[in-house]
Amino acid sequence: MPTDKIQELNARFAIADHVSFAAGPGGLPIATVRNGHALGTISLQGAHVTAFQPRGQDPVLWVSNQAVYAPGKAIRGGIPVCWPWFGPHPTDPTKPDHGFVRARPWTVRGTAALEDGATEVQLGLADDEDTRAIWPYAFDLQLTVSVGPTLQVALLARNTGSETFVCGGALHSYFVVGDVTSIAIDGLDGCEYVDKVDGGLTKVQEGAVTISAETDRVYEETTTSCAIGDPVMGRRIVVTKEGSRSTVVWNPWRDKARRLTDFGADEYTQMVCVEVANALDDAVTLVPGDEHQLETTVAVELLEHNA
Ligand code: TA6
């Protein structure tokens, strides 16, 4: 983004001791939040949160060392905004996986220093002729990010047109873990899931989710929070959600990671995705004028020996 555009963003939206704007990797504009609670970064392309690190703690969001920062390319890691569909397009394989908004430039709509010392950044995206060529509906999206003791991300989708549409989506969060084979994800015990690495069979989760191979599961009809217990890093990452009826757990494991050009060969051992979503049958129908909010909060609890 040209320097004068960055300067204009700072003139309009920078807040001392809270948020500023600069050209980041690949020249993509980023908002950097630094306050008394935490560090956060948000790429304006895709309204993509790329970092969250509470003060004095380890990074919470994972980004690949091989991530590509270029116009139109989704960043591998952080919290990609998947909308208006999750996964492959329901009928047209020529359309991008996870919708198109995560690779488009969003605009800054506002910033604020909150009373609790957190920082809020609002980003927006509306339909245009390019998006209507991909998906023929009028919409407005607003992503509100609050960086403080916790990370809160809310995606508000509104139908601004005259036709009803169905939209799926996800806040596709990538988390740093010490060793993916040692974590346990609580909160999904007893939930049915679609196992995408076993022919899409429907199964029932028994106990905590552990990872020892490629894992790609869509837990449907669940509104519960999840917690990633990480004994190696001595913490639990607690993922709560609103407006979401699906939770997705993903780790590509060795072979799939190696097939992804923007994923380092052995990085799979240091990450796991726990995504708040409305996928498959949980997609949302919006009539003209209607709106829906998908929201997640990420909190870190240090385990006793690490507190
Ligand atoms: O959320 C899991 C998943 O749907 C996996 O199937 C895998 O494709 C992952 O998303 C990453 O998708 P991306 O299009 O970002 O490479």
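In each ligand, atom 1 is the first atom listed, and ligand 1 is the first ligand listed. In this chain, residues are counted from 1 in sequence order.
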So the atoms of ligand 1 within less than 4.0 Å of a heavy atom of V248 turn out to be 1 (O)

Under 4.0 Å between heavy atoms, the region of R102 that gets near ligand 1 turns out to be side chain

Rounded to the nearest 0.5 Å, how far apart are CG of L61 and CZ of F175?
->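 With rounding to 0.5 Å, CG (L61) is 6.0 Å from CZ (F175).
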
Of T181, T269, V249, the one forming a side-chain contact (heavy atoms from CB on, under 4.5 Å) with I211 is V249

**Asked** With distance as the sole test, does N278 use its side chain to make a donor-acceptor pair with the main-chain N or O of G243 at under 3.5 Å?
**Response** yes

For [atom], what's the nearest protein heavy atom and its distance?
atom                    : value
atom 3 (C) of ligand 1  : H98 NE2, 3.8 Å
atom 16 (O) of ligand 1 : R76 NH2, 2.9 Å
atom 6 (O) of ligand 1  : D216 OD2, 2.5 Å

Return the orientation label for the [X] and [Y] ring planes: parallel under 30°, perpendicular over 60°, tilted otherwise.
X    : Y    : result
F86  : H98  : tilted
Y219 : Y193 : tilted
W85  : F100 : perpendicular

Task: Closest to atom 4 (O) of ligand 1 among K196, E214, K256, E275 (heavy-atom distance) - done: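 Answer by nearest heavy atom: K196.
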
**Message:** Evaluate H172 for polar contact with ligand 1, using N/O atom pairs at a separation under 3.5 Å.
**Reply:**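 It does: an N or O of H172 is found under 3.5 Å from an N or O of ligand 1.
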
